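This report refers to the structure that appears directly beneath it.
Since the structure is predicted, the reported quantities are computational estimates derived from the model, not experimental observations.
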Amino acid sequence: MDNLNYIFELQYAIDTFYFLICGALVWWMAAGFAMLEAGLVRSKNTTEILTKNVALFAIACTMYLICGYQFMYDGGYFLSGVTTVAGMDDAAVAAVLASSHESGFGDMGEYAGASDFFFQVVFVATSMSIVSGAVAERMKLFAFLAFAVVMTGFIYPIEGGWTWGGKSVFGLYELSFSDYAGSGIVHLAGAAAALAGVLLLGARKGKYGPNGEVRAIPGANLPLAALGTFILWMGWFGFNGGSTLKLGGIAVANEVANVFLNTNAAAAGGAIAALIVAKILFKKADLTMILNGALAGLVAITAEPADPTPLLSTLIGAAGGALVVFSIITLDKLKIDDPVGAISVHGVVGIWGIFAVLLSDADATFMGQLVGTLTIFVWVFVSSLIVWSIIKAVMGIRVTEEEEYAGTDVTDCGLEAYPEFGVSNK
């Protein structure tokens, strides 16, 4: 029995450590979002977008700690089931757990409860980060942060409780809705919240001409945008890989390896497809489209990164990479101004990722995926629209025309990101 207890303790420790490392990789994605967005906005709005990304992460961590985790899991923990060593009776398991360190969140049979909270909270911050880029360059800083409080403390956790939290609504579990790491639960949710804000906010001044023509507003620092994309690509291995929820065991270790392989393959496929489509449409290799193509491939595979073959994963990612180019063009024609393409990458391609599950998961159903998609989008979009509307009525959500011209760095933060290059409104 001592050997069995040792094996159990070792697996518990390994799974907990793996969970924490994957959570840290997802945490690192915050830097990726910050760099990507800082690179794709104008220089006069760089400090403000960085402030948003740091502040939203802090707010997400605090609100999820205060109430979000409770809304999502009723104070419990998301587990696929407690794994024990073969032959270990209940008394032995209890003895092992009793001898382990008690944390503020309690301990569970597969990994420490605090590691589960840490992994979940960085997902919440990821979803909120999607909103930041879409409303960039014209939203009031504190209006955005007020929304972040509600999104991370209530809107996202309630939706997460209906899906990952086991609180089945609209027959999601009976319909076999499947979203492995969150193409819908995380990414579509963030995009839906962003869309609601953008519709109320309106486009940046000068983005669209009087006859409906689209005017490009180039980002200030493409090297930063490329760096941010690589950071996100790296962090996604934790995002998808950690969603196996453990590492111990040959079967699970093989699954983790497949997840890493397929995640990388989909990102590569997305980047290549976006490059080809951009070359055909624009006669140029548009770097911003390539970057969004890689991210689209990652979003597309997130709903099911374990089951597809590497080739199928590449094709799923490629479809996402091509789709995102057409989506960005279409949203511009509709005068929906999204400076970083977040709604297209995380929303439109997030929906594709949910339905791409049907290509490899025999247990998933079309009706389940459809109902799951509608549940996530309708709840997040409608609730976000209500919250944005209240914030707009109380304090306003858009900076003045003068402030927008001067740049939010000066008006909101009192600092310029690149002061040595001249005045902020150039």
As a quick check of understanding, evaluate side chain to side chain contact (heavy atoms under 4.5 Å, CB included) for Thr229 and Leu232, giving each step before the final call. CA-CA 5 Å; Thr229 301; Leu232 288 168; 5.6 Å; no

Stepwise side chain to side chain contact (heavy atoms under 4.5 Å, CB included) check, Glu159 with Ile185: CA-CA 7 Å; Glu159 169 261 321; Ile185 297 167; 3.2 Å; yes

Show your reasoning for whether ring pair (Phe, Tyr, Trp, His ring centres under 6.0 Å) applies to Phe118 and Phe19. CA-CA 9 Å; Phe118 177 67; Phe19 221 5; 9.2 Å; no

Side chain to side chain contact (heavy atoms under 4.5 Å, CB included) assessment of Phe57 paired with Cys61: CA-CA 6 Å; Phe57 197 90; Cys61 291; 3.6 Å; yes

Checking side chain to side chain contact (heavy atoms under 4.5 Å, CB included) for the pair Val299/Trp352: CA distance, chi angles, key distance, verdict? CA-CA 9 Å; Val299 171; Trp352 156 241; over 6 Å; no

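Among Trp236, Tyr156, Phe123, the one residue that satisfies the ring-ring contact (aromatic ring centres under 6.0 Å, His included) test with His187 is Trp236. Residue Phe381 is tested with Ile376, Leu188, Leu199 for a side chain to side chain contact (heavy atoms under 4.5 Å, CB included); the sole match is Leu199.
For the pair Leu331/Asp337, no side-chain contact is recorded, criterion being any heavy-atom separation below 4.5 Å from C-beta on. The side-chain heavy atoms of Pro157 and Gln120, taken from C-beta on, include no pair separated by under 4.5 Å. For the pair Phe154 and Val387, the minimum side-chain heavy-atom distance is 4.5 Å or more. Between Lys52 and Leu141, the closest side-chain pair of non-hydrogen atoms falls below 4.5 Å. Residues Met35 and Leu50 have side chains in contact (heavy-atom distance under 4.5 Å, counting atoms from C-beta outward). By the 4.5 Å heavy-atom criterion applied to side chains, Leu385 and Val382 are not counted as neighbours. Residues Phe144 and Thr51 fail the side-chain proximity criterion, which asks for heavy atoms closer than 4.5 Å. At least one side-chain heavy atom of Phe117 sits under 4.5 Å from a side-chain heavy atom of Leu65.
Within 6.0 Å of CH2 on Trp27 lie no more than 12 heavy atoms contributed by other residues, nucleotides or ligands. Counting heavy-atom neighbours within 6.0 Å of Trp379 CH2, excluding the residue itself, gives a total above 12. Open room surrounds CE on Met367; 12 or fewer heavy atoms of other groups in view lie less than 6.0 Å from it.
Looking only at atom types and distance, the side chain of Tyr418 has no donor-acceptor partner in the side chain of Asp409 under 3.5 Å away. With 3.5 Å as the limit, one finds a donor-acceptor pair spanning the side chains of Ser313 and Asn262.
Taking both residues in full, the closest heavy atoms of Ser360 and Leu312 are given as CB-CD2, 4.1 Å, listed atom of the first, atom of the second, then distance. When every heavy atom of Ser183 is checked against every heavy atom of Ala300, the shortest pair comes out as OG-O, 4.1 Å. Of all heavy-atom pairs spanning Ile316 and Ala356, the tightest one is CG2-CB, 4.0 Å. Asp179 approaches Gly184 most closely through the heavy-atom pair OD2-N, 2.8 Å. Nearest heavy-atom pair, Val380 versus Ala193, reported as atom, atom and distance to 0.1 Å: CG1-N, 3.7 Å. Across all non-hydrogen atoms, the minimal contact from Val135 to Arg138 is C-NH1, 3.4 Å.
Here Asn258 contributes atom CG and Thr263 contributes atom OG1; the two are 10.0 Å apart, rounded to the nearest 0.5 Å. Between the CD atom in Glu9 and the CD1 atom in Ile14 there is a gap of 12.0 Å [rounded to 0.5 Å]. Taking CD1 of Ile158 as the start and OG1 of Thr163 as the end, the distance is 12.0 Å to the nearest 0.5 Å. Atoms CG and CG, on Leu315 and Leu359 in that order, are 9.5 Å from each other to the nearest 0.5 Å. Atom OG1 in Thr47 sits 11.0 Å away from atom CG in Asp412 (nearest 0.5 Å). The NZ atom of Lys44 lies 10.0 Å from the OG1 atom of Thr411; values are rounded to the nearest 0.5 Å.
In this structure, Gln11 contributes its side chain and Ala13 its backbone to no donor-acceptor pair below 3.5 Å. Side chain of Thr244 to backbone of Gly241: a donor-acceptor contact under 3.5 angstrom is found. With hydrogens and angles disregarded, no donor-acceptor distance shorter than 3.5 Å links the side chain of Asn240 to the backbone of Val259. Judged by distance alone, the side chain of Ser132 and the main-chain N or O of Met128 form no donor-acceptor pair under 3.5 Å. Within the 3.5 Å criterion, the main-chain N or O of Phe326 finds a donor-acceptor partner in the side chain of Thr330.
Using a 4.0 Å cut-off between charged nitrogen and carboxylate oxygen, Arg42 and Glu137 count as a salt-bridge pair. Remark: Arg398 engages Glu404 in a salt bridge, criterion side-chain N to carboxylate O under 4.0 Å.
A search for side-chain contact (heavy atoms from CB on, under 4.5 Å) contacts involving Phe17 returns Ile21, not counting sequence neighbours. Annotation: ring pair (Phe, Tyr, Trp, His ring centres under 6.0 Å) contacts of Phe260 (sequence neighbours excluded): Phe237. With sequence neighbours excluded, no residue satisfies ring pair (Phe, Tyr, Trp, His ring centres under 6.0 Å) with Tyr180.
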